[in-house]
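See structure below.
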Amino acid sequence: QVQLVESGGGSVQAGGSLRLSCAAYGYTYSSYCMGWFRQAPGKEREAVATIYSIDGRTYYADSVKGRFTISQDNRKNTLYLQMNSLKPEDTAMYYCATSRGYCLSFPPFVRPESSYWGQGTQVTVSS
C-alpha cells in the first residue's frame, strides 16, 4: 500500500519561505513521476511542479517559476518543494502525488490509473 505524507506547511508573511516535504511509503517503482499540486478555496486544483525519477526532468507552473524548486531524495523516498518569495496568491492546500512512469506534459500530469495522493498540507501567506 502506497502512502504519501506531506509536512512543512504553515503560515508565513509575503516574501517568506517554506519547504514542503512528502515522504513516500510502500513505493517500489524505479520509474515514477512525483509532483506538487495545490488547490485554493473555490478554485480548481493545479499542478505546481513535477519531477521524473529517472532523469530529474522538471516542470513548473508559470506562476511559480523562479520562486519554487522541486527536488527528490531517492534514498529517503522523499519529495521536497522549496518555496521562496511567497505571495498571498500561493495560499492553498498543497498535495503530493505520484504515478508510475514518466510525467505527462499536460494535465493531470500524473497518470490517473496509477496515481496516489497525500492528504495535503496547508500553506497560508499573509500580506
Side-chain angles (χ1 to χ4, degrees):
Q1 181 72 20
V2 175
Q3 185 179 14
L4 302 177
V5 180
E6 302 101 332
S7 61
S11 297
V12 64
Q13 290 192 329
S17 298
L18 285 173
R19 188 175 84 153
L20 305 184
S21 299
C22 172
Y25 301 95
Y27 209 66
T28 59
Y29 304 119
S30 59
S31 171
Y32 55 87
C33 175
M34 290 197 80
W36 290 98
F37 299 76
R38 66 186 182 186
Q39 186 167 21
K43 294 188 177 181
E44 293 188 354
R45 185 174 63 196
E46 63 173 346
V48 175
T50 63
I51 187 167
Y52 179 45
S53 63
I54 298 299
D55 60 10
R57 191 182 319 171
T58 58
Y59 158 86
Y60 291 96
D62 288 342
S63 59
V64 306
K65 282 181 181 177
R67 301 188 298 122
F68 291 9
T69 302
I70 190 171
S71 61
Q72 58 184 7
D73 185 334
N74 291 334
R75 294 175 304 168
K76 296 181 179 180
N77 284 343
T78 300
L79 179 73
Y80 302 100
L81 184 69
Q82 178 66 44
M83 305 186 294
N84 298 328
S85 301
L86 283 161
K87 304 176 180 180
E89 50 263 44
D90 294 318
T91 295
M93 183 71 79
Y94 283 71
Y95 299 91
C96 169
T98 186
S99 64
R100 293 179 64 180
Y102 56 86
C103 301
L104 301 176
S105 58
F106 50 86
F109 295 95
V110 291
R111 299 171 186 276
E113 68 275 13
S114 65
S115 63
Y116 296 91
W117 292 80
Q119 293 300 307
T121 185
Q122 178 68 37
V123 172
T124 302
V125 184
S126 58
S127 58

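Here the structure is a predicted model, which means the values were calculated and not measured. Basis for what follows: all heavy atoms, side chains included, without hydrogens, waters or symmetry-related copies.
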Q) Going from CZ on Phe68 to OG on Ser85, what distance comes out if it is rounded to the nearest 0.5 angstrom? A) 9.0 Å
(Q) Between Thr50 and Tyr60, do the side chains contain a donor N or O and an acceptor N or O under 3.5 Å apart? (A) no
Q: Give a yes or no on whether Gln119 atom CD has more than 12 heavy-atom contacts from other residues, nucleotides or ligands under 6.0 Å away.
A: no
Q: Can you measure from CD (Glu89) to OG1 (Thr91) and round to the nearest 0.5 angstrom?
A: 8.5 Å
Q | Val5-Val2 co-clustered via ILVMFWY side chain contacts under 4.5 Å | A | no
**Q.** Closest approach of Gly8 to Leu18 (non-hydrogen atoms, all atoms of both residues)
**A.** O-CD2, 3.9 Å
Q: Assess whether atom CD of Gln13 is packed by more than 12 heavy atoms of other residues, nucleotides or ligands within 6.0 Å.
A: no
Q. Is it the case that one hydrophobic cluster holds both Met93 and Trp117, taking links as side-chain heavy atoms less than 4.5 Å apart, direct or via other members?
A. yes
Q) In Å and rounded to the nearest 0.5 Å, what is the CG to OG distance from Leu86 to Ser11? A) 11.0 Å
Q | Heavy-atom pair of closest approach, residues Ser31 and Ser53 | A | CA-OG, 3.4 Å
Q.
As an exercise, state the distance from CD of Gln72 to SG of Cys22, rounded to the nearest 0.5 Å.
A. 11.0 Å
Q) Is the Phe37 to Tyr94 ring centre distance short of 6.0 Å? A) no
Q) Within a strict 4.5 Å, meaning less than it, do heavy atoms of the Cys96 and Tyr116 side chains meet? A) no
Q) Can you check whether Cys103 reaches Tyr52 side chain to side chain, under 4.5 Å on heavy atoms? A) yes
Q) Yes or no on side chain to side chain contact (heavy atoms under 4.5 Å, CB included) for Trp36 and Leu79, after CA distance, side-chain angles and deciding distance? A) CA-CA 9 Å; Trp36 290 98; Leu79 179 73; 3.3 Å; yes
(Q) Can you tell me if Tyr102 has over 12 outside heavy atoms packed within less than 6.0 Å of its OH? (A) no
Q | Nearest heavy atoms of Ala92 and Ala40, plus distance in Å | A | CB-N, 3.8 Å
Q: Please collect all salt bridge (charged side-chain N to carboxylate O under 4.0 Å, His left out) contacts where either partner lies in residues 25-40, sequence neighbours excluded, each pair once.
A: Arg38-Glu46, Arg38-Asp90
**Q.** Least distance between heavy atoms, Pro88 atom then Ala14 atom
**A.** CD-CB, 4.1 Å
**Q.** Atom pair OG1 (Thr98) and CD1 (Ile51), whose distance is rounded to the nearest 0.5 Å
**A.** 11.5 Å
Q: Could you tell me whether the side chain of Thr121 and the main chain of Gly9 form a donor-acceptor pair under 3.5 Å?
A: yes
Q) Which heavy atom in Ala61 sits nearest to a heavy atom in Ala47, and how many Å separate them? A) CB-O, 3.4 Å
Q: Could you check if a side-chain atom of Val48 sits within less than 4.5 angstrom of a side-chain atom of Leu81, using non-hydrogen atoms only?
A: yes
Q) Considering only heavy atoms from C-beta outward, does the side chain of Glu6 approach that of Leu20 to under 4.5 Å? A) no
Q. Atom OH in Tyr80, atom OG in Ser71: separation rounded to 0.5 Å?
A. 7.0 Å
Q: State, with a plain yes or no, whether a side-chain heavy atom of Met83 is found less than 4.5 Å away from one of Ser17.
A: no
Q) Are the side chains of Tyr32 and Arg100 in touch, meaning some heavy atoms are under 4.5 Å apart? A) no
Q.
Between Arg67 (side chain only) and Ser63 (backbone N and O only), is there a donor and an acceptor less than 3.5 Å apart?
A. yes
Q: Group every Ile, Leu, Val, Met, Phe, Trp and Tyr by side-chain heavy-atom contacts under 4.5 Å, then state whether Tyr95 and Val125 land in the same group.
A: no
Q) Going by distance alone, is a donor N or O of one side chain under 3.5 Å from an acceptor N or O of the other, for Thr78 and Asp73? A) no
Q.
Counting only heavy atoms from other residues, nucleotides and ligands, does the tally under 6.0 Å from CZ of Arg111 exceed 12?
A. yes
